[in-house]
Novice: 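Sending over a structure as structure tokens; questions will come in a sec.
All ligand and atom numbering here is 1-based and tracks the order in the structure.
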Amino acid sequence: MFKDKPREACGVAGVYGAAESSKLVYLMLYAIQHRGQEGAGIVVANGSGFNSVRGTGLVADIFNADNLSAMTGASAIGHVRYSTTGPSVEKNAQPIMVEYIRGNLAVAHNGNLVNADQIHDELEECGSIFQTTADTEVLIHLIARNTGRDFLDALTTSLKKLKGAYSMVLLNDESLIAARDPQGFRPLALGKLQDAYVVASETCAFDLIGAKYIRDIEPGEIVIIDRQGLRSRRFAERNASEALCIFENIYFSRPDSWIFGHSCWETRRRMGIMLARENKHAADIVVPVPDSGVCAAIGFAEEVRLPFAMALIRNHYVGRTFIEPSQSIRDFGVKLKFNCVREAVKGKRVIVVDDSLVRGTTSRKIVKMIQQAGAREIHMRLSSPPVKYPCFYGMDFPTRRELIAASHDLGQIAEFLQVDSVAYLSHEGMLKAVQNQDRNFCQACFNGDYPVDFKKRREISGQDVKEKQISRKRISQL
Ligand code: 5GP
Ligand code: MG
């Protein structure tokens, strides 16, 4: 069995057919760093073999001019990693790279396979020896054992056995392959840079390198890019069971990305407008919780015609390691990250807009800060419905027990946050704000309706699940 199996909410990127492919991947990883800050890696194919650099920490800390220049080759893939910490962080570094009967193979995966444990056990019983505890490794074993016609057949047959979320890029000696699960939980975009093809979790990566966004890799589609150009193959029917992660739109993706074919910035702005329409309240200013609440707050302020005030200032240089003073200072952690501009809120009725409430603990501290800065009233507005259920497809939510909305009603939440009022965007409002009305979204975190079944049902009730150190993670995004 997997121990400390990481739940991956990561980012992937790939380039085929560019002279400095590893440097382009490096830049793309830089752009999608928000999707994972625990580690990163690049694998490049140089014609006679693979080279790789992988490590823990931020992209800027792992790669440098020397190790990038040493990775020559025209095709490369990369990964930024965000997972629960475990003893095996190093060996789980991605892209996973192997040499097997068909040559070299590397895989970078974003998502979470819900049947990995089961496949893992079956393979182990048949003699497989696993090198990592990452769910992605099961795919490599499946491909290697599949001695069918060619690589593509082996891949297609293997992908059909996987359940759950995967947006992935694969590299072998001849080609770059991009694949997305039939539900299409996580995004995956295709672009072009002159004659080269590029693939990335988010289109903001294309903007950085000057590539053009062509389209998304479709749910249930495999795209193969090699000397002959680009080919596409389906391994699942179109739209049969689509379940795009709605939380990518709400929180996870960068607002300058196009997610599932639409501007994420615009979707968030529309969520703010909808939230304001549903929850008007007399006030003087609208204050976002940066960065995640900014787009919705813009829409909110626009709708209620109130001044938008950046009264919470965020320190962008908060790393994951800092030295705490030996005497305890109350609320130290959040003060390191946010400060409230007294002059902006003093004596005012303030509407605070954030994208979501998870545990409520950060928001509570922020509210206290605004109150101490002299606000007369504080009204908390959330641009998503109450998060009540954990995610099993790659979003790092805590257990049900820790999700404040799972066990508290609005009045209790207002009391916990110490605000004058609290209101959420309605479920219908959220669906109206989403621009691609013809698509189907996974909304499991809001309604508990899980589109792909998994065995560990007991996790939903919060039993048998490790405490997640959510506050320590994604510190740059909160
Ligand atoms: P809370 O007050 O619930 O402790 O924190 C709310 C903040 O958590 C919001 O600003 C929101 O942007 C952020 N958030 C939303 N989703 C996630 C997630 O999946 N992981 C983490 N760590 N934070 C999240
Ligand atoms: Mg936030």
Side-chain angles (χ1 to χ4, degrees), residues 6-11 34-38 82-85 110-112 165 185-186 245-255 264 268 271-272 275 287-297 300 310 312-316 318 320 331 333-334 337-338 352-370 378 380-408 412-419 422 424-425 430 442-446 467-478:
R7 239 180 233 164
E8 310 280 355
C10 314
H34 61 285
R35 297 186 71 87
Q37 296 108 43
E38 282 197 357
Y82 167 53
S83 70
T84 58
T85 40
N110 169 208
N112 189 47
F185 286 107
R186 305 276 143 238
C245 169
I246 203 152
F247 219 73
E248 289 278 351
N249 271 320
I250 294 166
Y251 164 76
F252 202 58
S253 299
R254 238 170 72 160
C264 179
R268 285 183 195 170
M271 284 170 172
L275 173 67
V287 173
V289 180
D291 291 328
S292 60
V294 170
C295 301
F300 195 105
M310 283 298 286
L312 288 166
I313 304 301
R314 195 182 133 176
N315 184 333
H316 283 265
V318 181
R320 294 218 285 111
D331 298 336
V334 80
K337 190 146 178 208
F338 294 108
V352 181
V353 178
D354 204 353
D355 67 288
S356 56
L357 203 58
V358 181
R359 295 171 199 238
T361 46
T362 315
S363 309
R364 181 188 190 156
K365 290 172 186 168
I366 288 170
V367 165
K368 192 167 172 200
M369 204 177 257
I370 301 170
I378 304 175
M380 189 80 187
R381 295 292 179 268
L382 287 318
S383 65
S384 62
V387 177
K388 294 185 176 175
Y389 302 88
C391 176
F392 295 93
Y393 315 120
M395 204 52 78
D396 187 33
F397 284 147
T399 62
R400 187 147 160 71
R401 199 175 23 197
E402 295 167 88
L403 292 167
I404 187 166
S407 52
H408 295 73
Q412 290 168 325
I413 294 173
E415 198 179 324
F416 175 82
L417 297 177
Q418 294 281 295
V419 288
V422 64
Y424 288 90
L425 177 63
M430 170 182 73
C442 173
Q443 301 150 49
C445 53
F446 303 121
E467 287 273 311
K468 290 252 180 129
Q469 304 227 316
I470 187 168
S471 57
R472 218 174 58 73
K473 307 275 177 57
R474 302 192 58 75
I475 200 157
S476 62
Q477 270 239 308
L478 280 178

Novice: Who passes ring pair (Phe, Tyr, Trp, His ring centres under 6.0 Å) against Phe247, sequence neighbours left out?
Specialist: Tyr251, Phe397
Novice: Have a look at Ser292, Cys391, Ser356 and point out the one with the heavy atom closest to atom 6 (C) of ligand 1.
Specialist: Ser356
Novice: Does a donor on one side chain sit under 3.5 Å from an acceptor on the other, for Ser292 and Asp354?
Specialist: yes
Novice: Out of all atoms in ligand 1, which are within 4.0 Å of some heavy atom of Leu357? Include the element for each.
Specialist: 2 (O), 3 (O)
Novice: Could you name the option among Thr362, Leu417, Val289, Asp355 that has the heavy atom nearest to atom 4 (O) of ligand 1?
Specialist: Thr362
Novice: Between Arg314 and Asp291, is there a side-chain N and carboxylate O pair less than 4.0 Å apart?
Specialist: yes
Novice: Would you check whether Phe247 reaches within less than 4.0 Å of ligand 1, judged by its heavy atoms?
Specialist: yes
Novice: Cation-pi check for Phe252 against Arg35: NZ or CZ below 6.0 Å from the six-membered ring centre and within 45 degrees of the axis, yes or no?
Specialist: no
Novice: Quick check on contacts: which atoms of ligand 1 are under 4.0 angstrom from a heavy atom of Thr361?
Specialist: 1 (P), 2 (O), 4 (O)
Novice: Assign the ring pair Phe185 / Tyr393 to parallel, tilted or perpendicular, where the plane angle (0 to 90°) is split at 30° and 60°.
Specialist: parallel
Novice: Please indicate whether Glu415 has more than 12 foreign heavy atoms, meaning atoms of other residues, nucleotides or ligands, lying under 6.0 Å from its CD.
Specialist: no
Novice: Within the stated cut-off of 2.8 Å, is an N/O/S atom of Thr362 closer than that to the Mg ion (ligand 2)?
Specialist: no
Novice: Got an N/O contact under 3.5 Å between Asp354 and ligand 1?
Specialist: yes
